[in-house]
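This one's a predicted model, so the numbers in the text were calculated from it and none came from an experiment. Per chain, numbering begins at 1; letters A, B, ... match sequence-line order.
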Amino acid sequence: MKKYVLKRNKGEGEKLYSIDYRAELNPQQYKAATATEGAYLVVAGAGTGKTRTLVFRVAYMVENKIPPGSILLLTFTRKAAQEMMRRASSILDERCKNVAGGTFHSFANLLLRKYALNIGLLPNFTIVDRTDAEEILQIIRTNLNLNKKERRFPNKSTLINIISLAINKSTSIKKIVSDCYPHYLGDYTEIMTVEEYYRRFKQEKQLLDYDDLLVYLKQLLESGEDVRKKISDKYRYIMVDEYQDTNRLQAEITVLLASGHHNVMAVGDDSQSIYSFRGANFKNIIDFPSFFPGTVIINLEQNYRSTRPILDMTNAIIEQAREKYPKKLFSNIEGDQKPVFIDGVDEKDQAAFVAQRILETRDEGVPLSHIAVLFRASWHANELELELRNANIPYVKYGGIKFAEAAHVKDTLAYLRVIHNPIDEIAWLRLLLLIDGIGPASAGTILKAVIANGGDYHQLISPAFEKRKNSSELKRLHHLFSSMKNKQEPLSAKMESVLDYYTPIFEKKYDDFHRRKMDLESLLHISERYLKLEHFLSDIALEPPDKFQAGIEPTDLEDEKLVLSTVHSAKGLEWHTVFILHLVEGYFPSTQSLDEPEDIEEERRLFYVAATRAQKNLYLIAPEITSRGSYWASYRSSPFAFSEPSRFLNEIPNFRELTEVGVITFEDPLS
DNA sequence: TAGTGAGAGGTTTTT
DNA sequence: CCTCTCACTA
């Protein structure tokens with residue numbers, strides 16, 4: 001008898017990969033990248049090559065014949081997902097582009113458009129942003145007569161905070177009110193009523209706020225075994241990035257998504273959790289193994305980003321945190337430049353120093369785009385922006401007012417929203433109020449007629465309104481909608497019709513319309529990239545700031561520009577040289593966080609995130625606050641609190657050894 | 001009922 | 001400093 005042995009070509013090491021994973025990754029990274037089946041928790045400190053690991057993991061899976069479409073990459077921003085897919089494609093091939101990915105919210109949007117009917121939604125629902133949500137609450141508040149001065153009922157932004165926190169933390173409104181707003185406990189029943197009206201309002205008009213996307217996704221996944229199985233089967237390999245910034249609801253969704261296979265890798269760093277104000281809970285990381293029994297935990301601790309002196313500093317910052325997973329990040333990158341600490345300057349000098357130092361750094365050969373200035377709140381950079389404009393230093397600013405939130409952009413979008421979802425009452429209301437002589441009352445009457453007819457814009461020229469003094473404007477509006485009826489017409493053509501209609505209103509409404517005009521032009525420009533109105537509108541609502549940032553042309557992004565950014569928007573990024581402004585009590589940590597120890601801890605992590613962005617140079621600046629703007633705040637705490645350097649610096653025991661003190665002197669005017 | 005002006009109160013971060 | 005609210009006027 002003759003024996004035949006079949007060679008197996010499975011098994012580690014024997015397989016032919018086009019990438020040498022062992023050489024490219026360190027042992028922990030390798031372990032994470034090549035572990036495909038099962039549940040994994042990767043605790044990845046700042047700069048430890050987390051993204052790189054995920055990118056190689058995608059490539060590894062694709063090389064193992066896993067269909068890219070069955071890999072789901074949930075990240076904090078869509079940009080992060082796209083960047084990863086791009087990098088995976090560049091190390092392997094185009095197949096990696098077909099990986100599914102995005103934020104929880106955009107993923108929810110995708111599924112809900114498809115399965116809307118399963119849970120009683122229409123697929124053409126509209127996504128409303130925070131401003132719209134507040135607008136709705138304002139209407140409800142007024143209707144319920146809760147807006148009287150003597151009532152001191154929570155205002156619209158507090159209301160949305162309460163409602164949203166309850167949802168994101170998967171808890172009751174009562175708990176949120178008693179935990180965060182105990183002084184409103186007496187208004188608890190009315191808050192519940194408002195919430196109910198709010199929910200009904202949205203439901204009737206097919207409006208979904210950000211939270212609804214998650215709520216309905218969860219509902220969809222729970223609506224039936226068959227749908228859940230279908231979805232779970234499609235996305236067999238799930239990766240969740242920045243897991244420390246997910247909330248309870250997102251964790252529950254993750255569990256449901258993975259119900260069929262339990263192939264989940266969550267990646268995160270508890271020390272970098274900075275989104276608790278919107279319900280994120282870094283304890284999700286700690287709880288992960290209990291959701292997925294048998295979870296394997298992998299720690300990434302070698303830092304590839306920062307030099308040793310910088311890492312010593314950042315380790316010292318997070319060392320002071322009350323509560324964290326013990327971690328010991330180390331770096332092999334040599335460097336002799338300690339972080340530089342500057343104090344004793346005023347805000348003007350701070351700006352002048354930063355601008356000057358930026359120019360010098362550029363002269364040393366560091367491109368502007370590798371330099372960043374970070375700050376706690378957008379307005380902290382105002383002074384610096386002036387200085388930069390004077391010095392002709394080009395920059396982009398991230399964070400702060402977003403493009404889609406600017407009033408004139410929202411005006412423009414309202415017309416398109418009505419086309420897409422004719423019963424979008426918030427959009428209708430907005431565009432009606434734009435007409436001269438129409439206030440809340442007339443708008444209400446017209447709106448009623450329109451909505452009663454399922455959003456029929458022909459009501460605008462109904463005989464009932466013919467005798468109004470602004471009937472010609474209504475005709476003009478009617479004409480606009482008729483002209484956009486043609487479905488074949490490209491989106492940008494519709495946009496142009498809208499702008500034609502809107503321009504006279506726009507120029508009358510805003511004194512500074514010249515400055516704002518640019519935004520409308522770039523909106524038109526952006527619309528040219530879309531075929532479907534629906535995609536355009538969802539993207540504007542869901543896309544992270546960078547592409548739709550006020551004042552940023554899409555073409556700006558490739559240019560050599562200095563980066564100004566809030567710390568929140570700087571997450572996940574890195575620069576050769578980083579300046580952190582306003583390391584002063586009341587600014588960083590911000591005044592609002594001073595009451596609660598938990599909030600202080602979050603600010604500390606925020607500072608940690610900021611400092612860990614630096615590769616080679618880190619400047620920590622603690623100016624003395626002299627401007628009048630801080631006057632109001634200084635009487636709330638002690639009068640001198642605002643010139644006190646941040647506690648996050650003072651609390652570091654060997655701060656002086658870890659830093660080099662920068663002393664600023666002024667040039668002799670005669671020399 | 002729409003539009004305006006004075007006055008008061010709050011001032012972050014984002015999908 | 002900016003937004004929101006209220007009260008007043010046309």
Taking the nucleotide of DNA chain B with the nearest heavy atom to each, does A/S106 or A/S442 sit closer to the 5' end?
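Counting from the 5' end, the first nearest nucleotide belongs to A/S442.
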Is A/T566 near enough to B/dT14 that one of its side-chain N or O atoms lies under 4.0 angstrom from OP1 or OP2?
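Yes, within the criterion.
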Heavy-atom contacts under 4.0 Å between residues 429-441 of chain A and DNA chain B, which residues?
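Residues of residues 429-441 of chain A under 4.0 Å from DNA chain B: A/D436, A/G437, A/I438, A/G439, A/P440, A/A441.
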Residues within residues 268-285 of chain A bordering DNA chain B, heavy-atom distance below 4.0 Å:
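When residues 268-285 of chain A is checked for heavy atoms under 4.0 Å from DNA chain B, the hits, listed by number, are A/Y275, A/F277, A/R278.
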Of all the choices, [options], which nucleotide is nearest to the side chain of [X] once you look at every atom?
X	options	answer
A/W379	B/dT15, B/dT12, C/dT5	B/dT12
A/S569	B/dT15, B/dT14, B/dT12	B/dT14
A/K156	C/dT5, B/dT15, C/dC4	C/dC4
A/S590	B/dT12, C/dT5, B/dT15	B/dT12

Determine yes or no for a side-chain-to-main-chain donor-acceptor pair under 3.5 angstrom, with A/K50 supplying the side chain and A/D241 the backbone.
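Checking the backbone N and O of A/D241 against the side chain of A/K50, no donor-acceptor pair under 3.5 Å is found.
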Whole angstrom is fine here: how far is it from [atom1] in [X] over to [atom2] in [N]?
X	N	atom1	atom2	value
A/R130	B/dT15	CZ	P	13 Å
A/H568	B/dT15	NE2	C1'	12 Å
A/K218	B/dT15	NZ	P	23 Å
A/L374	B/dT13	CG	P	14 Å
A/E405	C/dT3	CD	C1'	15 Å
A/N247	B/dT13	CG	C1'	16 Å
A/H380	B/dT11	NE2	P	13 Å
A/L110	B/dT15	CG	P	18 Å

Ion pair present between A/R376 and A/E603, side-chain N to carboxylate O less than 4.0 angstrom?
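So A/R376 pairs with A/E603 through a salt bridge.
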Side chain proximity check, A/E425 to A/F201, heavy atoms < 4.5 angstrom:
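A side-chain contact exists here, since the closest heavy-atom pair is under 4.5 Å.
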Validation row: A/K202, A/D209 side chains within 4.5 angstrom (heavy atoms):
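Yes; the side chains approach each other to less than 4.5 Å.
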Atom OH of A/Y197: over 12 foreign heavy atoms under 6.0 Å:
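12 or below, so no.
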Check: B/dT13 base within 3.5 Å donor-acceptor of A/R376 side chain:
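Answer is yes: a donor-acceptor pair is held.
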Using side-chain contact (heavy atoms from CB on, under 4.5 Å) as the criterion, list what pairs up with A/A443, not counting sequence neighbours.
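In terms of side-chain contact (heavy atoms from CB on, under 4.5 Å), with neighbours along the sequence ignored, A/A443 is linked to A/L429, A/L432, A/L433, A/I438.
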side-chain contact (heavy atoms from CB on, under 4.5 Å) involving A/R516 - partner list, sequence neighbours excluded:
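A/R516 satisfies side-chain contact (heavy atoms from CB on, under 4.5 Å) with A/A407, A/H408, A/F506, A/Y510, A/D512 only.
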Could you check whether A/Q138 gets within reach of a base, just the sugar-phosphate, or nothing at all, counting any heavy atom under 4.0 Å?
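The answer is sugar-phosphate, as A/Q138 gets under 4.0 Å only of primed atoms, P, OP1 or OP2.
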Pairwise P distance, C/dC4 and B/dT13 [rounded to whole Å]
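Looking at atom P only, B/dT13 and C/dC4 are 15 Å apart.
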Are A/R113 and A/N109 close enough that a side-chain donor and a side-chain acceptor fall under 3.5 Å?
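Looking only at side-chain atoms, A/N109 and A/R113 do form a donor-acceptor pair, the distance falling under 3.5 Å.
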List for me each residue that meets ring-ring contact (aromatic ring centres under 6.0 Å, His included) alongside A/F579, sequence neighbours excluded, and say none if there are none.
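By the ring-ring contact (aromatic ring centres under 6.0 Å, His included) rule, A/F579 matches A/Y619.
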Among all residues two or more places apart in sequence or in another chain, which pass the ring-ring contact (aromatic ring centres under 6.0 Å, His included) test with A/H105?
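Not a single residue meets the ring-ring contact (aromatic ring centres under 6.0 Å, His included) criterion with A/H105.
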